[in-house]
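Labels below follow one simple rule: chain letters A, B, ... track the order of the sequence lines, proteins then strands, and each chain is numbered from 1.
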2 protein chains.
Amino acid sequence: MNDAGEGREPHKGSASLSPSQQDYLKQIFLLNDASQGATTQLLAERIGVRPASVTGMLKRLAEEGLVERAPYRAVHLTETGRRIAVEIVRHHRLLEAFLSRTLGYRWDEVHEEAEALEHVISERFEQKVAELLADPDRDPHGDPIPTRELALKEDEHLTTLALLPKGSRGTIRRVTLQDQDALNLVERLDLLPGRAIEVAGTHPDGISLLVGGSRFLVPALLAAHLLVDVAPHPSSAQPKTREGTGRPVAHEQ
Amino acid sequence: MNDAGEGREPHKGSASLSPSQQDYLKQIFLLNDASQGATTQLLAERIGVRPASVTGMLKRLAEEGLVERAPYRAVHLTETGRRIAVEIVRHHRLLEAFLSRTLGYRWDEVHEEAEALEHVISERFEQKVAELLADPDRDPHGDPIPTRELALKEDEHLTTLALLPKGSRGTIRRVTLQDQDALNLVERLDLLPGRAIEVAGTHPDGISLLVGGSRFLVPALLAAHLLVDVAPHPSSAQPKTREGTGRPVAHEQ
DNA sequence: GAGTTTGATTAGGATCGGCTAACTTTTTTC
DNA sequence: GAAAAAAGTTAGCCGATCCTAATCAAACTC
């Protein structure tokens, strides 16, 4: 008469996939989303495995109809694959918001924990958290949280700080970094989402910034990962210039 | 030059162990704790694998110094193994309390989710949750939560309802079941922890109970898993009779 | 205490997801 | 556009964890 609890709930569809498989789908999605092209090598770096392992896994995912793939080319998600990937991104960002707001995690601590939890929480957990936080639409890094229906709003009006010309004003909206040291630096410089900034000058090695009275240099590497809203105050009558040239470098969850 | 986030935090010692290994240790602990003796077969049932797999895993755990074992005998945990097991039990019960209190899970929903999360949360998560709940000492089923220092209070004064003689009065303190249907039944009968009861009579197939005015039969199978405190009201001058004969059947987290 | 039943172990495989080394294809360079 | 460099793939292997079938040990039965 003992049962010991089998697994049985099919959730939405992300069940039955191993955490590893989920990770691959997520990273393919994030790379494509950042218009980077999900190449074998980039995936290997993001996931932390060797390129050969990526090839192997992509074959398996292709067989299951989750990705489309031609040898030596970048992969793409099928509709099914995309749904699962977005689901996981939702888990991740919702968890980040939760860890930060409810459990009092520091800004730079949330990513790692969410990374572990995202593959494991149930549909119910997701819903309860969303409820508790009143359906948040941003995680602590400013990344948009996909809705329950898996719609993901894109931040078309955001620009990489690295590309802003001298004199621009704006508000930091997203910080697309996950490296602990880099996050610490961002925090020390007080460049968290919501911060109003002004570009005092551009240099080959970075951007000179005017923020809260003081002026300092943001290294180019960092600047590429700070996404700025250039029409922050409704007062400024700028009609959303739409400068979608350079690819935003974002690689993040 | 590829790093992409290895695992590195040694937590306390439960890190580096696979979820599967953690599960084996936990179940060995729980069985021994319930004075059941961790036999190959019982473990196989609890964990949901075949006996042959248990033998294999126990060998590996023995090599790592986590269990002590002689062929054809029940296993025991080493001190190291025990520490890890208790750590996981703490995770589990803390998570159950958290899911119930903070996220509003129903009483019978917490077990399954905690089962999945317990292997994945960090030391930090554990601490934050303990903090948020002000170091709870019971989970929703009444099971004691090991302290941060991994001390586990035993409920020596609790008796199985199944063994109570006619006329006994007491309070339900623990429900050591995990089967969903059984839990539902317990809830329908309103026999949750805290409930005051009185034994109206004993039968071979169960116990006749007087609770809240009404009288009904609790099947023996259920009764064995309801742990009762027989000296509930300080008013009743009963000097705690200490009938510690029969083994409490508990198998639970 | 011999035989039977029950429980545990061994042997041999399968699958998953990773790895290295060698090879192939694509891209870049001049 | 040929050679070199970079990226991707294949082949073969490993360890973890599970399985089934067959064998072995322990525990009851009478």
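The side chain of A:Tyr72 approaches D:dG8 more closely than any other nucleotide in the set D:dT10, D:dG8, D:dT17. You'll find that the side chain of A:Tyr24 is closest to C:dG18, out of D:dT10, C:dG18, C:dT9. Nearest nucleotide to the side chain of A:Thr39, out of D:dT10, D:dG8, D:dT17: D:dG8.
Here C:dA8 presents its P atom at 5 Å from CD of B:Gln41, a figure rounded to the nearest Å. When rounded to the nearest whole Å, the span between CG of A:Asp23 and C1' of C:dC16 equals 15 Å. Taking atom CG of residue B:Leu42 and atom P of nucleotide C:dG7, one finds them 9 Å apart after rounding to whole Å. A:Glu64 places its CD atom 11 Å from the C1' atom of C:dC16, with the value rounded to the nearest Å. In this structure, B:Leu61 places its CG atom 11 Å from P of D:dA16, rounding to the nearest Å. What separates CE of B:Met57 from P of D:dC19 is a distance of 11 Å, to the nearest Å. Rounded to whole angstrom, the span from the CG atom of B:Leu17 across to the C1' atom of D:dT17 amounts to 14 Å. Regarding A:Glu45, its CD atom lies at a distance of 14 Å from the P atom of D:dA6, rounded to whole Å.
The side chain of B:Arg50 contributes an N or O atom lying less than 4.0 Å from OP1 or OP2 of D:dT20. Under 4.0 angstrom from either OP1 or OP2 of D:dA16 there lies no side-chain N or O belonging to B:Arg60. Between D:dT10 and A:Lys59, a contact under 4.0 Å exists linking OP1 or OP2 to a side-chain N or O. Note on B:Ser20: a side-chain N or O is less than 4.0 Å away from OP1 or OP2 of D:dC18. In terms of phosphate contacts, A:Ser18 brings no side-chain nitrogen or oxygen within less than 4.0 Å of OP1 or OP2 of C:dC16.
Panel note: side chain A:Thr160, backbone A:Ala162; no donor-acceptor pair is recorded below 3.5 Å. A donor-acceptor pair under 3.5 Å is absent between the side-chain atoms of B:Gln27 and the main chain of B:Tyr24, judged by distance alone.
Take the nearest nucleotide of DNA chain D for A:Arg69 and for B:Ala52: the residue whose nucleotide is more 5' is A:Arg69. Toward the 5' end of DNA chain C, the nearer of the two residues B:Arg73 and A:Gln21, judged by each one's closest nucleotide, is B:Arg73.
Residue contacts shown for B:Thr55 include a base, since a base heavy atom lies under 4.0 Å away. Among the atoms of the strands shown, base atoms are found under 4.0 Å from some heavy atom of B:Ser53.
A salt bridge does not link A:Glu113 to B:Arg124: none of the charged nitrogens lies less than 4.0 Å from a carboxylate oxygen. Between B:Glu118 and B:Lys26 a salt bridge is recorded (basic side-chain N to carboxylate O distance below 4.0 Å). For A:Arg106 and A:Glu109, the salt-bridge test passes: some basic side-chain N is under 4.0 Å from an acidic carboxylate O.
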